[in-house]
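We count residues from 1, following the sequence as given. What you are looking at is a predicted structure, and each value in this text was computed from that prediction instead of being measured. Just so it is clear, the values below take in all heavy atoms, side chains as well, and ignore hydrogens, waters and symmetry mates.
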Amino acid sequence: MMRRAAALLCALALLAGLAACAAPQPEPSPTPPSPSPTQTPIPTTTPEPSPTPSAEPTPTPTPTVPVWDEDHTLDRSVPKLTGGLELPVYGATGYAAVEQGLWAAIPAPTPTATPSPTPVVTPSPTPAPTPALSAEPEPSGSSAPEPALSETPAAEPSVSPTPEASPLPSPVQAQATTQLSEAQPAADPYAGAAAVLPAGASFTILGEKENWWKVSSDYGTGWVEHRFCMINLPDVVPSIVYDATNSYASRYTSSGKTIPGITGKALYHGKVYNPRFDQEQYLMPVLYAAAKKICAAQQLALAQGNSLKLYEAYRPYTAQRAVVKALTALAEQDPEVKAGITTKPWSMTYFINTDYSNHQKGFAVDVSLVKVTQTQLCTTGGYSYMKPVEYQEYEMPTPIHELSMAAASTTGPGETTLASTMNDPALALRSYFRKAGMTPLESEWWHFNDYAARTLAEGRTCTGGFEITRCRSTTPG
């Protein structure tokens, strides 16, 4: 009996063990290991799959403004100059800045008589009337003082924008004229000339001898005095970057504001086909003497891996007057604009001359500076010249043609203390032109004058009564 009970208990225990083995057992919760200091913790959520990497490397954006680097150089050497210019004057287009004679042969110099001394009479000073806004003295870069703004737009000046109607006699002729009685007419300064070229007449330069050019024009072939002539600057200094914005979309602003009827407008004709280079180019005339100094400034820029960027040279008088009238009207309506051009020590004349400017006279240029990264060696008529093909304009104190005291290069008229806004590129540009013999304008960092060219022309400078529309250039063979 006892044996049966024990066997039964064993059987029941065996069945219970089998049932326990068959029942599912819960999984123990795993404890994640703590990450080591060099491991990255595993995220608790499933990360999004990363995109397929591109086969092309990510390009590095090119800076829009180049960094100033005094050690920057060009990728090739600069060709040697010819007569102070990059290309010969032969085949270049020239223009009569004032009316002058065209001579079949170079006339013999007129002997000069020693003038008798003229007593100097000092007039008694007459006090000037005080206007609403006092006028400033003539700035070094201006041709004449400008009246300050009044409550009404400035009246048109009495001068006419047309070319000079009669020749201006030389100092010797003027002295002789004063000694003639009324019954004795003044001698014709062009007596014996083959023709008389009017101001603005174009011609092709065929040769140079001392102070004379031999030229071919619509008035015939002959000789002209080149001190009274302008030359198309791209014909003889092709390495400069030219951008005559006033000929297609002017950039004039004042206190950062657009000038109605001026900003973004074409103020005159500026680009034509140039056979010398077989492409369309801007026409940029300057007096011949000034062209050589601009070339010298360009060579200094090229030596530092830079290039001048010329925005304007000769400017017609009609364009000058249009800017004056529009800016005057805007200033009368906008106090901020008015303050920007009249706050002492400045006045409007320092930013846009209401009379003839030096741009009309042919010895002023508006210019900026670019950093050149690639050049191309070109030829024309057997002569080599270099041309920038990749470049970027430096950031300058203001945009070009900002007509306000923000663009000033010094602290005031006649001052030598530089404005705090003059950065490295602006200082370099100023240095290039000063070393070349041209004078910076205090009120505009971009404007430079060649007063020696004016002196050479003895005051017989252009009045801007014409537009430059014709290119007569040929290869300098």
Side-chain angles (χ1 to χ4, degrees), residues 82-85 88-113 163-177 186-233 235-236 284-295 313-314 356 358 360-364 437 449-466 468 470 472-473 476:
T82 302
L85 298 166
V89 297
Y90 179 91
T93 299
Y95 305 91
V98 294
E99 181 182 78
Q100 59 184 289
L102 177 70
W103 305 87
I106 298 176
T110 303
T112 58
E164 298 178 42
S166 60
L168 297 176
S170 66
V172 175
Q173 294 164 342
Q175 180 189 358
T177 302
D188 180 4
Y190 304 130
V196 177
L197 300 182
S202 62
F203 47 77
T204 306
I205 303 171
L206 304 179
E208 180 176 3
K209 185 175 181 180
E210 298 176 347
N211 301 324
W212 297 81
W213 279 341
K214 187 175 184 180
V215 304
S216 173
S217 72
D218 291 339
Y219 300 84
T221 299
W223 296 85
V224 295
E225 284 192 83
H226 55 54
R227 61 178 174 150
F228 303 125
C229 296
M230 297 186 291
I231 192 169
N232 185 37
L233 199 57
D235 284 348
V236 288
M284 292 276 199
V286 293
L287 286 175
Y288 180 46
K292 293 187 176 183
K293 292 184 179 178
I294 297 168
C295 181
Y314 171 80
Y356 299 124
N358 295 337
Q360 278 89 68
K361 298 177 182 181
F363 59 86
N449 297 303
D450 182 9
Y451 292 115
R454 178 181 64 180
T455 301
L456 184 65
E458 298 178 347
R460 289 185 57 190
T461 49
C462 180
T463 56
F466 52 84
I468 298 295
R470 187 166 181 182
R472 307 176 62 120
S473 306

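- Partners of Asn232 by side-chain hydrogen bond (donor to acceptor under 3.5 Å, both in side chains), not counting sequence neighbours, listed by chain and number: Asp235.
- In this structure, the side chains of Phe203 and Leu197 come closer than 4.5 Å at one or more pairs of heavy atoms.
- Side-chain contact check for His226 versus Trp212: every heavy-atom pair is 4.5 Å or farther apart.
- Side-chain contact check for Tyr95 versus Cys229: every heavy-atom pair is 4.5 Å or farther apart.
- The closest side-chain heavy-atom distance from Val236 to Ile231 is below 4.5 Å.
- Within 6.0 Å of atom NZ in Lys214, 12 or fewer heavy atoms from other residues, nucleotides or ligands are found, so the atom counts as exposed in its surroundings.
- With values rounded to the nearest 0.5 angstrom, Phe466 atom CZ is found 4.0 Å from Tyr314 atom OH.
- When every heavy atom of Gly101 is checked against every heavy atom of Ala193, the shortest pair comes out as CA-CB, 4.4 Å.
- Counting heavy atoms from C-beta on, the side chains of Leu102 and Val196 never come closer than 4.5 Å.
- A donor-acceptor contact shorter than 3.5 Å is absent between the side chain of Ser217 and the backbone of Ser202.
- Side-chain atoms of Tyr190 and Glu99, non-hydrogen and from C-beta on, do get closer than 4.5 Å to each other.
- Ile294 is listed as a side-chain neighbour of Leu233, based on a closest heavy-atom distance under 4.5 Å.
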request  = Assess whether side chain to side chain contact (heavy atoms under 4.5 Å, CB included) is satisfied between Lys293 and Leu287, documenting all intermediate values.
outcome  = CA-CA 10 Å; Lys293 292 184 179 178; Leu287 286 175; over 6 Å; no
request  = For side-chain hydrogen bond (donor to acceptor under 3.5 Å, both in side chains), just list the numbers for Ser473 and Thr93, CA-CA rounded to whole Å, side-chain angles, deciding distance to a tenth of an Å, and then say yes or no.
outcome  = CA-CA 5 Å; Ser473 306; Thr93 299; 2.7 Å; yes
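- Going from atom OG1 of Thr463 over to atom NZ of Lys361 covers 10.0 Å, rounded to the nearest 0.5 Å.
- Screening Leu456, Asp450, Val286 against Phe363 for a side-chain contact (heavy atoms from CB on, under 4.5 Å) leaves a single residue, Asp450.
- Gln360 pairs by the side-chain hydrogen bond (donor to acceptor under 3.5 Å, both in side chains) definition with Gln320, Ser357, not counting sequence neighbours.
- Glu225 and Tyr288 share no side-chain donor-acceptor pair at under 3.5 Å.
- Of the inter-residue distances, the one linking Leu206 atom CG with Tyr90 atom OH reads 6.0 Å to the nearest 0.5 angstrom.
- You'll find the side chain of Glu458 reaches within 4.5 Å of the side chain of Arg227, heavy atoms only.
- With sequence neighbours left out, the side-chain hydrogen bond (donor to acceptor under 3.5 Å, both in side chains) criterion links Asn211 to no other residue.
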